[in-house]
Undergrad: 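Pasting a structure below so you can have a look.
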There are 2 protein chains.
Amino acid sequence: MARTAGSDGERTEAAIREAAVDLIARHGYEAVTMRQLAARVGVQPAALYRYFQTKEDLLFILMREHMEALLDAWNNARPSSGDADERLAAFVENHIAFHIERRAQTHISNMELRSLSPERLTAILRLRTSYEKELRAILREGAESGAFDLDDIGLTAMAIIQMITGVIVWFRPDERLSVEGVTRTYLSMTMRLVGASTNRETHHVHAGTRLRA
Amino acid sequence: MARTAGSDGERTEAAIREAAVDLIARHGYEAVTMRQLAARVGVQPAALYRYFQTKEDLLFILMREHMEALLDAWNNARPSSGDADERLAAFVENHIAFHIERRAQTHISNMELRSLSPERLTAILRLRTSYEKELRAILREGAESGAFDLDDIGLTAMAIIQMITGVIVWFRPDERLSVEGVTRTYLSMTMRLVGASTNRETHHVHAGTRLRA
DNA sequence: TCATTAATAAAACGTACGTTCAATTAATTC
DNA sequence: GAATTAATTGAACGTACGTTTTATTAATGA
C-alpha cells in the first residue's frame, strides 16, 4: 500500500471524469460500479473517494457541469441583435454543435435524472428550465413580430428541443452526412416547423440513410 | 411457507408486469431490485421466478411487447389507401396516441436498451427499424409525388420520430392542453416540417405553458 | 376424494456493492 | 533535510443483490 509514483491529482481526477462519462453513457449509471470505474482509471476503488464524496456526487457534478456549459455556450453564441429568425438559427446551430460534440455527456444528462436525489434533481431541472426559457423567448418574439406562426409557444419549444437533441441518438458523421450538413437540414426543418417566412429552396432528395438507433 | 389462499397465477403475473413497468420507468431498471418489485406486488422475491426466468427476461419481454404492440397498432391504423399526406397524418396521430397512453412503457423502451444483452438489444433494434421504415416509406412516397419537400429522408424520419416521441417527456394532459389538441399541433408542425402543401390556417398564439421536464 | 399441478413462503446461496479506515509512499513546501 | 500534505493501496465494513432450493399449502382435474 503506497502512493503510486508519478501520480498527479489533477490528472487522476480528469481520468475519473472521462472514464465515468464513457462508462455511464454506455452502461447506465446504476450499472456502473465504482470498482469498474476505478479499474478503468487504473486506481483502487477507494481512491475515487478522494475526488468525489459519493457516487451520486460524481453523477450530479457531471450533469450540472454539462448544463452549465450548455447555458454558457448559448450565452456566448446568442446574437446581440437580430430578429427572431436569426436568433432561432443561432440557437439551433449552437445546440446541435454542442450536443454532437458531447454525445456521451448528453446521454447522461437526459437519461440519468432518475438516479438523482430530489434536491439535486430539482437543481438540474432548474438549469434545464433556464435553457428552455431562452428558446421560448425567441419563439415568443417571433410570434409577436409575425415572423413565426405558432399554435403554442411552450409546446413548440419542447418539440424543437426534443427534435434537435434527438440528433445524438442516431447521427454519426460519415461520408454521407456531415455535422454541417445535418445542422443545415435541422435548421431548415426547424424554420419550417415554426412557419418562418423564408424563401423555399429546392432541395435534392436523398435516399435513405444508414441510421443507428 | 405455503401457497397463499386465493392466489391466481394470471393475476399475479399481471401485477408483476404492471409493478415492473411503473418501478422501472420511475427509478430505472438497474436501480429496481427484485425484492422491491416483489414487495410492491405483495409476494416474496422467489415468486417472481415462477413467471420470469431472470430479471433481464422481464425487461426484454416488456420492451419487446411494447414494440410489437406499436407495430400492431400502426398496422391497424395504416390507411389502406390515400396519399402521403394522409398516411403521414395517420402515422403521427397513431404514434402520439399510442405513446401518451403508454408513457411508462415508452420511457422504458427508450431508456433501458443499455441493460439488454447484445442479442436482445439486436432483437429490439430490429423491431424499431421496422417501425422507422414505415415512416421512411411514407416520406419517400411523399417526396416522389412532390407532396413533401425533403432534404434527406432518413434524417427527416429520425427527426420526426424523436420529436413526436418526445411528447411523453413533457406532456401531461391538463385544462390547457388536451391530448387531441397536442396531437393536432404536432401534426401541424410535422406537416410543415416536411413541407407538405396544405392551406395554412391562422392559429391563435397561446402564451407559455407549464411544462415538466 | 385423490392425485397432480400450481403458486406461494422461507431460507439460503454465491456473489457483489458503495464506502470507510489505516497505512504507506510520493510530492511539495519551508 | 524535515515536516507537511497529497495520493495512493489494501483490507475490511455493513449491507445488499439476483437467484436457487425446499417445503408447504391451495387449486384443479379426473
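In what follows, chains are A, B, ... by sequence order, proteins preceding strands, each numbered from 1. FYI, side chains are in, hydrogens and waters are out, and symmetry mates aren't considered; it's all heavy atoms of this structure. Everything quoted here is computed from the prediction, not taken from an experiment.
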Undergrad: Heavy atoms, side chains only, cut-off 4.5 Å: are Phe98(A) and His66(A) in contact?
TA: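 Counting from C-beta outward, Phe98(A) and His66(A) do come under 4.5 Å.
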Undergrad: Can Asp152(A) and Arg176(B) be counted as an ion pair, charged N to O under 4.0 angstrom?
TA: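 Yes.
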Undergrad: Give the C-alpha distance, both sets of side-chain angles, the deciding distance and a yes or no for side chain to side chain contact (heavy atoms under 4.5 Å, CB included) between Asn110(B) and Arg128(B).
TA: CA-CA 10 Å; Asn110(B) 289 335; Arg128(B) 280 175 163 236; 2.9 Å; yes
Undergrad: Do the ring centers of Tyr131(A) and His95(A) come within less than 6.0 Å of each other?
TA: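 Yes: the rings meet the under 6.0 Å criterion.
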Undergrad: Run the salt bridge (charged side-chain N to carboxylate O under 4.0 Å, His left out) test on Arg184(B) and Glu180(B) for me, step by step, so that the C-alpha distance in whole Å, both residues' side-chain angles and the decisive distance to 0.1 Å come before the verdict.
TA: CA-CA 6 Å; Arg184(B) 198 164 44 236; Glu180(B) 296 74 37; over 6 Å; no
Undergrad: Val21(A) and Arg102(A): side chain to side chain contact (heavy atoms under 4.5 Å, CB included), yes or no, with the steps?
TA: CA-CA 10 Å; Val21(A) 165; Arg102(A) 297 165 179 75; over 6 Å; no
Undergrad: Taking protein heavy atoms under 4.0 Å as touching, what does nucleotides 13-18 of chain C look like 5' to 3' if B marks base contact, S marks sugar-phosphate-only contact and - marks none?
TA: ----BB
Undergrad: State plainly whether the residues Glu112(B) and Arg120(B) are in salt-bridge range, i.e. N to O under 4.0 Å.
TA: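 Salt bridge between Glu112(B) and Arg120(B), a charged N being under 4.0 Å from a carboxylate O: no.
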Undergrad: Summarise protein proximity over nucleotides 3-10 of chain D in one line of letters, 5' to 3': B for base, S for sugar-phosphate only, - for none, counting protein heavy atoms closer than 4.0 Å.
TA: ---BBBBB
Undergrad: Please give, in whole Å, the distance from dT20(D) P to Leu48(B) CG?
TA: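 Spelled out: CG on Leu48(B) to P on dT20(D) is 12 Å.
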Undergrad: Assess, by modelled atom type and distance only, whether the side chains of Glu56(A) and Thr54(A) contain a donor and an acceptor separated by less than 3.5 Å.
TA: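 On atom types as modelled, these side chains do not qualify, holding no pair under 3.5 Å.
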